[in-house]
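No hydrogens, no waters, no symmetry mates; every other heavy atom, side chains included, goes into these values.
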Amino acid sequence: MLKILFISRLKFEKRLSHIVKNQLNSLQNAGLKVDYFFIRGKGAKGYFKSILPLRKTIRRKEYDIIHAHYLWSAFIAILANSRPLVVSLMGSDIRIGFITKWALKMIYFWGLCDAIIVKSKDILDHSGLKTARIIPNGVDTALFCPGDKKDALNTLGWDLQKKHIFFAANPERSVKNFLLLEKAYQNLTQSENIEIHFLVHIPNHLVPIYMNASDVVVLTSFWEGSPNVVKEAMACNCPVVSTDVGDVAWLFGDEPGHFLTDFEPQDLAAKIRLAFNFAEKNNRTHGRERIICLGLDSESTADKIIRLYEAVLEKNRRPNINC
């Protein structure tokens with residue numbers, strides 16, 4: 001049994017990212033022993049205070065693989081002498097500025113890790129890496145699955161006579177570009193009786209209910225890597241409208257009920273109308289089949305990561321192997 005140590009910073013409300021947690025659970029379900037080390041505290045100080053505790057954790061237990069999520073977690077893992085080291089770049093961590101790109105190049109070209117995972121070709125191109133492995137985050141298809149729309153509406157107490165848009169992000173995050181949806185809303189006639197809901201402070205296990213109650217899930221981000229909310233909405237067979245960011249176009253393919261929009265409010269409004277019409281005529285999409293066909297369920301993703309771990313261990317049996 002492989003023993004893995006996950007390293008990640010606690011996010012808002014001192015919680016582990018549900019994306020990282022889902023990956024951890026999927027690897028445990030596949031038979032691996034997975035521990036986790038949390039980076040706590042604010043700013044750079046929180047990261048650097050974690051170096052000695054991380055080093056002690058690694059010395060106390062023998063791990064086959066150290067897996068750091070996000071670039072700065074990887075940097076701390078390196079300072080703690082963590083090897084063999086796998087680094088997952090999540091997307092947002094390489095778009096912050098010059099310093100992060102410099103740190104990434106140092107890690108890559110100096111051979112300070114054994115493998116790098118990126119979530120989409122867009123991240124790969126932006127990072128400037130050549131040999132990183134593209135492994136998108138998987139979807140917990142046991143949790144994110146189609147449900148009865150009326151039951152979901154009643155559970156949430158939403159008006160059955162209205163059309164419901166689920167904005168799949170916090171509108172206060174500028175990168176999520178809620179202003180675009182706000183302007184598009186003005187182009188939608190008031191007679192359509194529309195209500196907008198937000199993905200804010202919703203426990204992950206309740207998100208599928210919101211998706212199943214919605215007529216359309218909307219993502220208007222300026223950029224993404226491989227947005228899990230899109231994959232999760234598709235796994236619930238919910239119509240989706242999204243800007244053409246990250247790997248969304250690939251996720252949608254030609255599957256009906258999924259609409260790409262540009263950054264013009266008029267186009268977004270038109271695509272939302274198409275999604276409403278689709279929902280009225282067809283109710284749900286076949287997005288779940290598309291997700292499974294692409295191998296983006298948690299089990300398939302876990303298998304890809306395990307094969308990468310095994311390749312890293314094989315490389316480390318030979319000398320002078322870099323990233």
Main-chain N/O of [Y] paired to [X] side chain as donor or acceptor, under 3.5 Å:
| X | Y | result |
| --- | --- | --- |
| R288 | F144 | yes |
| R55 | N81 | no |
| Q28 | V34 | yes |

Please list, chain by chain and in numerical order, all residues satisfying ring pair (Phe, Tyr, Trp, His ring centres under 6.0 Å) with F48, sequence neighbours excluded.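 Not a single residue meets the ring pair (Phe, Tyr, Trp, His ring centres under 6.0 Å) criterion with F48.
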Please verify the inter-ring angle class for F198 with F167; under 30° counts as parallel, over 60° as perpendicular, anything in between as tilted.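 If you compare the ring of F198 with that of F167, the planes turn out perpendicular.
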Once side-chain hydrogen bond (donor to acceptor under 3.5 Å, both in side chains) is applied, do any residues pair with [X], and if so which ones, sequence neighbours excluded?
| X | result |
| --- | --- |
| D297 | S300 |
| Y47 | none |
| K121 | D125 |
| N22 | S298 |

Suppose the criterion is salt bridge (charged side-chain N to carboxylate O under 4.0 Å, His left out): which pairs have a residue in residues 302-313, not counting sequence neighbours?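 Applying salt bridge (charged side-chain N to carboxylate O under 4.0 Å, His left out) to every pair that reaches into residues 302-313, excluding sequence neighbours, yields D303-R307.
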With sequence neighbours excluded, tell me which residues meet salt bridge (Lys or Arg N to Asp or Glu O under 4.0 Å) with K162.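 Residues passing salt bridge (Lys or Arg N to Asp or Glu O under 4.0 Å) with K162: E195.
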Of all residues at least two apart in sequence or in a different chain, which pass the salt bridge (Lys or Arg N to Asp or Glu O under 4.0 Å) check with D267?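 For D267, the residues satisfying salt bridge (Lys or Arg N to Asp or Glu O under 4.0 Å) (neighbours in sequence not counted) are K271.
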Atom NZ of K3: over 12 foreign heavy atoms under 6.0 Å: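 More than 12 heavy atoms, drawn from other residues, nucleotides or ligands, come within 6.0 Å of this atom.
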F38, CZ: over 12 other non-hydrogen atoms inside 6.0 angstrom: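 Yes, CZ of F38 has more than 12 neighbouring heavy atoms, counting only those of other groups under 6.0 Å.
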Please, which pairs that meet side chain to side chain donor-acceptor pair (under 3.5 Å) have at least one residue in residues 238-257, sequence neighbours excluded?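 Qualifying pairs, neighbours excluded: S226-D247.
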Selection residues 273-283 - residue pairs positive for side chain to side chain donor-acceptor pair (under 3.5 Å), sequence neighbours left out: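 Found K163-E280.
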For residues 204-221, dump all side-chain donor-acceptor pairs below 3.5 Å to protein atoms at least two apart in sequence or in another chain.
{"from": "N212", "atom 1": "OD1", "to": "G147", "atom 2": "N", "distance (Å)": "2.9"}
{"from": "N212", "atom 1": "ND2", "to": "C145", "atom 2": "O", "distance (Å)": "3.1"}
{"from": "N212", "atom 1": "ND2", "to": "P208", "atom 2": "O", "distance (Å)": "3.0"}
{"from": "S214", "atom 1": "OG", "to": "Y210", "atom 2": "O", "distance (Å)": "2.6"}
{"from": "D215", "atom 1": "OD1", "to": "K149", "atom 2": "NZ", "distance (Å)": "2.4"}
{"from": "D215", "atom 1": "OD2", "to": "H164", "atom 2": "N", "distance (Å)": "2.6"}
{"from": "T220", "atom 1": "OG1", "to": "K176", "atom 2": "O", "distance (Å)": "2.9"}
{"from": "T220", "atom 1": "OG1", "to": "N177", "atom 2": "O", "distance (Å)": "2.9"}
{"from": "S221", "atom 1": "OG", "to": "E224", "atom 2": "OE2", "distance (Å)": "2.6"}

Side chain to side chain, D114 and R83, heavy atoms closer than 4.5 Å: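 A side-chain contact exists here, since the closest heavy-atom pair is under 4.5 Å.
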Validation row: R284, C238 side chains within 4.5 angstrom (heavy atoms):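 They are in side-chain contact.
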Answer yes if V248 and I292 sit in the same cluster of Ile, Leu, Val, Met, Phe, Trp and Tyr residues linked by side chain heavy atoms under 4.5 Å apart, and no otherwise.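 Different hydrophobic clusters.
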Is V230 reachable from V200 through a run of hydrophobic residues whose side-chain heavy atoms are each under 4.5 Å from the next?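 Yes, one cluster joins them.
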Residue pairs involving residues 275-312 (criterion ring-ring contact (aromatic ring centres under 6.0 Å, His included); sequence neighbours excluded):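 Counting only pairs at least two positions apart or across chains, the ring-ring contact (aromatic ring centres under 6.0 Å, His included) contacts touching residues 275-312 are H67-Y309.
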How close do F263 and L180 get, counting heavy atoms only, and between which atoms?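 Heavy-atom minimum between the residues: O-CD1, 3.4 Å.
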Stepwise side chain to side chain contact (heavy atoms under 4.5 Å, CB included) check, I66 with F37: CA-CA 10 Å; I66 312 297; F37 179 90; over 6 Å; no
